[in-house]
**Student:** 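Next up is a structure, given as structure tokens.
In what follows, every heavy atom counts, from backbone to side chain, and hydrogens, waters and symmetry copies are set aside. Please read all numbers here as calculations on a predicted model, not as lab measurements.
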Amino acid sequence: MMSRYAYWPERQTHRRVWALAWPMMLSNITVPLLGLVDTAVMGHLPEPHYLGAIAIGGMLFSILYWTFGFLRMGTTGLVAQAHGRDDGSAIRTYLGQSLVIGIVIGGIIILLRSPLTEAALHLAGAAVDVTSQARLYAEIRAWSAPAVLCNFALLGWFVGNQNTRIPLLLLTLTNLVNILLNLLFVFGFGMRADGVALGTVCAEYFSLAVGIWFCRRILLQTSGEFMMRQLLRFKDYAALLQVNRYLFVRTVVLLMAFAFFTAQGARQGTDILSANAVLLNFLVLISNALDGFAHAIEALTGRSLGKKDRRHFYQVITSAAIWSLVSALLMTLFFWGGGNLIISLLTDIPQIRQEASTYLPWLIALPLIGVWSFLLDGIFIGTTQVKAMQNTMLLSVFAVFLPVWWLSQSLDNHGLWLAFCALFFARGATGAFVYWQLCQHDRWW
């Protein structure tokens, strides 16, 4: 039997983890930076309801699009395992199938955009002026659906192919275009929430065009052949759909928790809604930075599983765990020292600054609370142990998040943030138990 010390990462393992993680950390950070700019653009307009509209509209599409986030996660795990087997034909098949699914779902979203928007706005229960701007935002933003979902598939495919530098370049270019267009439409053309939505739609289609160009370059250097018949027969989608059904349920439940959080904030008034919108940018920054190591683990554990390389499998997990914890600690220190400065950069509305500062301590603690949930998700995606992801999410939301919120309602918004932090803690704890069980019984292979 191999010594446990053989699973301790070597220097080259750390290098490999970082080689995949740092581009994804930087590219992921560009995503919340876009949200920060949207918030800052609306936050510097004279009325707070514009900021509230972006919070409601942005959350609607975060929920709607990430409901289908399996197009990224499922594609990554399957492609990474195919990469480990050197199966170029499977790599092509998973790409084509994911793009077909993205186009079909995106078209359905466009057709149903009005009833989906009205249902979401009704559930949010925000003020009338916030609702009218959010509706305008949503009607325009829905047209980006096919591009967004196909971009999910492309990003997952690049990561599964052990290539994270293209996503970095792709997301950086896209977000720069988005930021410039938002500033142009809002401050140049005098638009409001509709200008932010239009800028985002244009940027998403730009991203898709650039991503397909990069994809074509990689395929020209990859062995295997494209089997068109596997895109036309439903039964050939079995492997992708089997993985994605668990990811779909998991993602829906998680996004329900986010929607519940936003709706409860809206019911406490526009100031609380807007303050929570500012602080949620911190959360997105945390999750996307820590997800850099999760993405690296997705690619590397999937490849190790495909090659049946047990030693490398555990080495990369250990390495990613070490660096994830270090990164979480650094983020906590950063928010502790500079959190109020970031809030002041995001909005100059005094009451919103004050409210956000009041609840900032929850965000300071969140990196250390949530770090393990991100890491374990990466392991489960790479190894396609996605049923475990579904079950731990169901347990965390319905047995922890909602009961904690119910018991802490007297604390108002502090109780809401307490429940939110409890959700991340529960995800890490239940995921760690599942990971331990899989290791004990050697069920990875």
**Student:** Hey, does the side chain of Glu204 reach the backbone of Val201 with a donor-acceptor pair shorter than 3.5 angstrom?
**Tutor:** no
**Student:** Which pair of non-hydrogen atoms, one from Gln81 and one from Gly382, has the smallest distance, and what is that distance?
**Tutor:** NE2-O, 3.1 Å
**Student:** Measuring from atom CG of Asp86 to atom CD1 of Ile91, what distance do you get when rounded to the nearest 0.5 angstrom?
**Tutor:** 8.0 Å
**Student:** Side chains of Trp143 and Ile110: closer than 4.5 Å at any heavy-atom pair?
**Tutor:**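 The answer is yes, as the side chains (C-beta and beyond) meet within the 4.5 Å cut-off.
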**Student:** I need the Ser98 OG to Leu78 CG distance, nearest 0.5 Å.
**Tutor:**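 Atom-to-atom, Ser98:OG and Leu78:CG are 8.0 Å apart.
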**Student:** Less than 4.5 Å apart, side chain to side chain, heavy atoms only: is that true for Leu208 and Ile212?
**Tutor:**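 When only atoms from C-beta onward are counted, Ile212 and Leu208 do touch, with a gap below 4.5 Å.
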**Student:** Can you confirm whether Leu423 sits close enough to Val397 that some side-chain heavy atom of one is under 4.5 Å from a side-chain heavy atom of the other?
**Tutor:**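 Of all side-chain heavy-atom pairs linking Val397 with Leu423, at least one is under 4.5 Å.
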**Student:** Within the distance-only criterion (no hydrogens, no angle test), does the side chain of Asn178 pair as donor or acceptor with the backbone N or O of Thr174 below 3.5 angstrom?
**Tutor:**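 Checking the backbone N and O of Thr174 against the side chain of Asn178, no donor-acceptor pair under 3.5 Å is found.
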**Student:** For a side chain to side chain contact (heavy atoms under 4.5 Å, CB included) with Leu283, tell me which candidate from Phe258, Trp362, Phe261 qualifies.
**Tutor:** Phe258
**Student:** Measure the spacing between OG of Ser304 and NE2 of His312 and express it to the nearest 0.5 Å.
**Tutor:** 4.5 Å
**Student:** Count the heavy atoms belonging to other residues, nucleotides or ligands that lie under 6.0 Å from CZ of Arg165, then report whether that count exceeds 12.
**Tutor:**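 Open.
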**Student:** Does the side-chain contact (heavy atoms from CB on, under 4.5 Å) test come out yes or no for Val316 and Thr13, once each step is laid out?
**Tutor:** CA-CA 6 Å; Val316 296; Thr13 305; 3.8 Å; yes
**Student:** Checking side chain to side chain contact (heavy atoms under 4.5 Å, CB included) against Trp157, which of Ile166, Val79, Asn163 comes through?
**Tutor:**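 Of the listed residues Ile166, Val79, Asn163, the side chain to side chain contact (heavy atoms under 4.5 Å, CB included) partner of Trp157 is Val79.
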**Student:** Quick one: does any side-chain atom of Arg216 pair with a main-chain N or O of Trp213 as donor and acceptor, under 3.5 Å?
**Tutor:**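 No; judged by distance alone, with no hydrogens or angles, the pair does not exist.
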**Student:** When you measure from the side chain of Arg92 to the backbone N and O of Leu219, does any donor-acceptor pair fall under 3.5 Å?
**Tutor:** yes
**Student:** Got a second to check how far Leu180's CG is from Phe185's CZ, nearest 0.5 Å?
**Tutor:** 10.5 Å
**Student:** Could you report the tightest heavy-atom contact between Gly415 and Ser408, atom names first, then the distance?
**Tutor:**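 Between these two residues, the closest heavy atoms are O-OG, 3.3 Å.
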**Student:** Rounded to the nearest 0.5 Å, what separation is found between the CD1 atom of Ile272 and the CG atom of Asn413?
**Tutor:**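 Reported value, rounded in 0.5 Å steps: 4.5 Å.
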**Student:** Begin with the C-alpha distance, continue with both residues' side-chain angles, and end with the deciding distance and a verdict on side-chain contact (heavy atoms from CB on, under 4.5 Å) for Arg250 and Asp377.
**Tutor:** CA-CA 11 Å; Arg250 174 260 183 194; Asp377 279 355; 2.8 Å; yes
**Student:** What residue among Trp323, Trp22, Trp18 forms ring pair (Phe, Tyr, Trp, His ring centres under 6.0 Å) with Phe293?
**Tutor:**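 Option passing the ring pair (Phe, Tyr, Trp, His ring centres under 6.0 Å) with Phe293: Trp18.
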**Student:** Using salt bridge (Lys or Arg N to Asp or Glu O under 4.0 Å) as the criterion, list what pairs up with Arg72, not counting sequence neighbours.
**Tutor:**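 Result, salt bridge (Lys or Arg N to Asp or Glu O under 4.0 Å) vs Arg72: Glu298.
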**Student:** Looking only at non-hydrogen atoms, find the nearest pair between Val404 and Ala422 and report the distance.
**Tutor:** CG2-CB, 4.2 Å
**Student:** Within the distance-only criterion (no hydrogens, no angle test), does the side chain of Asp194 pair as donor or acceptor with the backbone N or O of Ile140 below 3.5 angstrom?
**Tutor:** no
**Student:** Please name the pair of heavy atoms, one in Leu375 and one in Ala320, separated by the smallest distance, quoted to 0.1 Å.
**Tutor:**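 For Leu375 versus Ala320, the nearest heavy atoms are CD1-CB, 3.8 Å.
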**Student:** For Arg303, which residues count as a salt bridge (Lys or Arg N to Asp or Glu O under 4.0 Å) partner, sequence neighbours excluded?
**Tutor:** none
**Student:** Can you give me the closest heavy-atom contact between Gln162 and Ala299, atom names plus distance?
**Tutor:**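 Taking every non-hydrogen atom into account, NE2-O, 3.1 Å.
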**Student:** Please answer whether the main-chain N or O of Leu231 pairs with a side-chain N or O of Tyr237 as donor and acceptor at a distance below 3.5 Å.
**Tutor:**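 Such a contact is found between Tyr237 side chain and Leu231 backbone.
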**Student:** Can you give me the closest heavy-atom contact between Arg113 and Ala142, atom names plus distance?
**Tutor:**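 Shortest heavy-atom contact: CB-CB, 3.6 Å.
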**Student:** When you look at Thr392 and Phe433, which way does the side-chain contact (heavy atoms from CB on, under 4.5 Å) test go after all the steps?
**Tutor:** CA-CA 10 Å; Thr392 57; Phe433 176 77; over 6 Å; no
**Student:** Find out whether Phe425 and Val400 are in side-chain contact, i.e. whether some heavy atom of one side chain is under 4.5 Å from a heavy atom of the other.
**Tutor:** no
**Student:** Is a donor on one side and an acceptor on the other found under 3.5 Å between the side chain of Thr76 and the backbone of Gly156?
**Tutor:**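 It does hold such a pair.
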**Student:** Has the side chain of Thr172 got a donor or acceptor atom that lies under 3.5 Å from a matching backbone atom of Leu169?
**Tutor:** no
**Student:** State which residue, out of Leu173, Leu170, Val148, fulfils the side chain to side chain contact (heavy atoms under 4.5 Å, CB included) condition with Ser207.
**Tutor:** Leu170
**Student:** So for atom CZ, which belongs to Phe335, do other residues, nucleotides or ligands contribute more than 12 heavy atoms lying within a distance under 6.0 Å?
**Tutor:**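 Yes, enclosed.
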**Student:** With distance as the sole test, does Gln385 use its side chain to make a donor-acceptor pair with the main-chain N or O of Ile379 at under 3.5 Å?
**Tutor:**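 A pair under 3.5 Å: no.
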**Student:** State whether the side chain of Tyr65 and the backbone N or O of Ala145 hold a donor-acceptor pair below 3.5 Å, judged by distance alone.
**Tutor:**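 Yes; judged by distance alone, with no hydrogens or angles, the pair exists.
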**Student:** Testing the 3.5 Å rule here: is there a donor-acceptor pair between the side chains of Glu139 and Ser114?
**Tutor:** yes
**Student:** For Leu376 and Val434: C-alpha separation, side-chain torsions, deciding distance, then whether side-chain contact (heavy atoms from CB on, under 4.5 Å) applies.
**Tutor:** CA-CA 9 Å; Leu376 288 161; Val434 172; over 6 Å; no
**Student:** Would you check if Phe158 and Cys215 make a side-chain contact, meaning some heavy-atom pair closer than 4.5 Å?
**Tutor:** yes
**Student:** Rounded to the nearest 0.5 Å, what separates atom CG in Leu95 from atom OG1 in Thr75?
**Tutor:** 8.0 Å
**Student:** Would you please indicate yes or no on a ring centroid separation below 6.0 angstrom for Phe68 and Phe152?
**Tutor:**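 No.
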**Student:** Taking the six-membered ring for Trp, are the ring centroids of Trp372 and Phe424 within less than 6.0 Å of each other?
**Tutor:**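 Centroid distance Trp372-Phe424: not below 6.0 Å, so no.
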**Student:** Quick one: are Leu247 and Met389 in side-chain contact, heavy atoms under 4.5 Å?
**Tutor:** yes
**Student:** Decide yes or no for Thr251 and Phe70: does some side-chain heavy atom of the first lie under 4.5 Å from some side-chain heavy atom of the second?
**Tutor:**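 No - every pair of side-chain heavy atoms lies 4.5 Å or more apart.
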**Student:** Between Leu241 and Arg245, is any pair of side-chain heavy atoms under 4.5 Å apart?
**Tutor:** no
